[in-house]
Structures are given as structure tokens and as C-alpha cells.
Amino acid sequence: MDRLPHEKGFHVSWDQLHRDARALAWRLQDAAPESGWKAVVAITRGGMAPAMIISRELDIRTVDTISVKSYNHQEQSEPRIIKSPDATVVGDGEGILIIDDLVDTGKTLEVVRKAMPKAHVATVYAKPQGRPMVDSFITEVSQDTWIFFPWDMALQYVKPFHGSDD
């Protein structure tokens, strides 16, 4: 029997994302270079919410973004940088903390790591295929799990798996 998308899905609420991003910040404070983190670079768009939480928790005031396009809806294509962070701040990535919501295949992070090879890459969630591209993460899910983030969802009625809904 085929599964419905929500049966192999991992639903993340705003509360859960906040807790997990704070847990990641806790872990990252011990990974900071001696001089501290210089800046946070969020991978847009999914990394923006966790980057905001992490930068607040670690009191990092310099926050920038890098935008990598690798999906058209749900179809993956070759990733390419469409917006870079301030090069005078990030340089080769030394002391820079790169944040994303999820590493899936790792292709996006390959591109980002080439741009900032000395940066520390952290994601809230990680799948096995992309996990080698990440220095720090909080939760691992299976490769075939689809993560539903709070910004992708709305509250609505869902039919039961089996039986009638009378």
C-alpha cells in the first residue's frame, strides 16, 4: 500500500523549531572559535528563522544571507548562488556560522562550502545523504522523510486514514 505524504512526514511546529534552534545554539556556543563568531549567514529562505533564533541566543549582531536556488517547487536542479553575503565580512568563512533549516542531499551546502570553505555549517535537521556536509545539527531524519516546516503549513481538516469520517 502506498503511503500518503503525511504518513512519512515529519511535522515541525513553530514551538518545536524554536526549541530545536535553541538546542543548536547551545551546541554551537561550544564550537565557537576563541575570538567568537564574527557573523551568521542564513541560507535563504529556510535558514532565516533558525538563524534569527541562533543569532539572538549567541548574541551575534552581524547577520547576512546567501541565497541558493536548487528547487523548482519540489524538483531539484543544479544549485546556484543567486545572492551572496557581504564578502568583506565573510571572506573565506573563518569565524562565520552558516545556518540552514535542513540538509537533504547536501548539494546546496556543497555550493555554499565552496564560497566559504572555512565556515562552520549548522542545520537544525539532517538527512543521511547530506549529513557529511554539516558540522553541527540537532535531529536526523531518514532520507525518505519529508519535513513539513511551519511556514509551509496551515491548520485544516484532515480525513482519517481508514474508515468513514462521519
So, using salt bridge (Lys or Arg N to Asp or Glu O under 4.0 Å) as the criterion, who are the partners of [X] when residues are at least two apart?
X      : value
Arg131 : Glu140
Asp64  : Lys83
Asp144 : Lys8
Asp59  : Arg61

Determine the minimum heavy-atom distance between [X] and [Y], stating which atoms define it.
X      : Y      : result
Ser142 : Pro128 : C-CD, 4.1 Å
His11  : Phe148 : NE2-CD1, 3.5 Å
Ala39  : Val89  : CB-CG1, 4.0 Å
Val124 : Pro50  : CG2-CB, 3.7 Å

Any residue meeting ring-ring contact (aromatic ring centres under 6.0 Å, His included) with Trp14, in chain and number order, not counting sequence neighbours: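 Here the qualifying residues are Trp151.
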Using links of under 4.5 Å between side-chain heavy atoms of ILVMFWY residues, direct or through other members, which residues join Met52 in one cluster?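 Listed partners: Ile53.
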Are the side chain of [X] and the backbone of [Y] linked by a donor-acceptor contact shorter than 3.5 Å?
X      : Y      : result
Gln129 : Gly106 : no
Lys127 : Trp146 : no
Ser55  : Ala51  : yes

Got a second to check how far [X]'s [atom1] is from [Y]'s [atom2], nearest 0.5 Å?
X      : Y      : atom1 : atom2 : result
Arg113 : Met133 : CZ    : CE    : 5.5 Å
Thr123 : Ile43  : OG1   : CD1   : 9.0 Å
Leu17  : Ile138 : CG    : CD1   : 11.5 Å
Ser136 : Leu28  : OG    : CG    : 5.0 Å

May I have all residue pairs that pass salt bridge (charged side-chain N to carboxylate O under 4.0 Å, His left out) and include part of residues 22-46, sequence neighbours excluded?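 For residues 22-46: Arg22-Glu57.
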Taking side-chain contact (heavy atoms from CB on, under 4.5 Å) as the definition, give me every residue that meets it alongside [X], ordered by chain and number, with sequence neighbours left out.
X      : answer
Ala31  : Trp37, His120
Val111 : Pro79, Ile81
Arg80  : Lys69, Ile82
Gln16  : Val12, Ser13, Arg19, Asp20, Tyr125

I'd like to check [X] versus [Y] (side-chain heavy atoms, cut-off strictly below 4.5 Å). Are they in contact?
X      : Y      : answer
Leu109 : Val134 : yes
Met116 : Asp92  : no
Thr44  : Ile66  : no

Donor-acceptor pairs under 3.5 Å, side chain of residues 94-101 to any protein atom, not counting sequence neighbours: which ones?
unit_1	atom_1	unit_2	atom_2	d
Asp100	OD1	Gly47	N	3.3

Shared ILVMFWY cluster between Phe10 and Leu102, side chains joined below 4.5 angstrom?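 They do share one cluster, since a chain of ILVMFWY contacts under 4.5 Å joins Phe10 to Leu102.
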Set out, in order, the CA-CA distance, both residues' side-chain angles and the distance that settles side-chain contact (heavy atoms from CB on, under 4.5 Å) for Ile54 and Leu24, then state yes or no. CA-CA 7 Å; Ile54 290 165; Leu24 183 55; 3.6 Å; yes
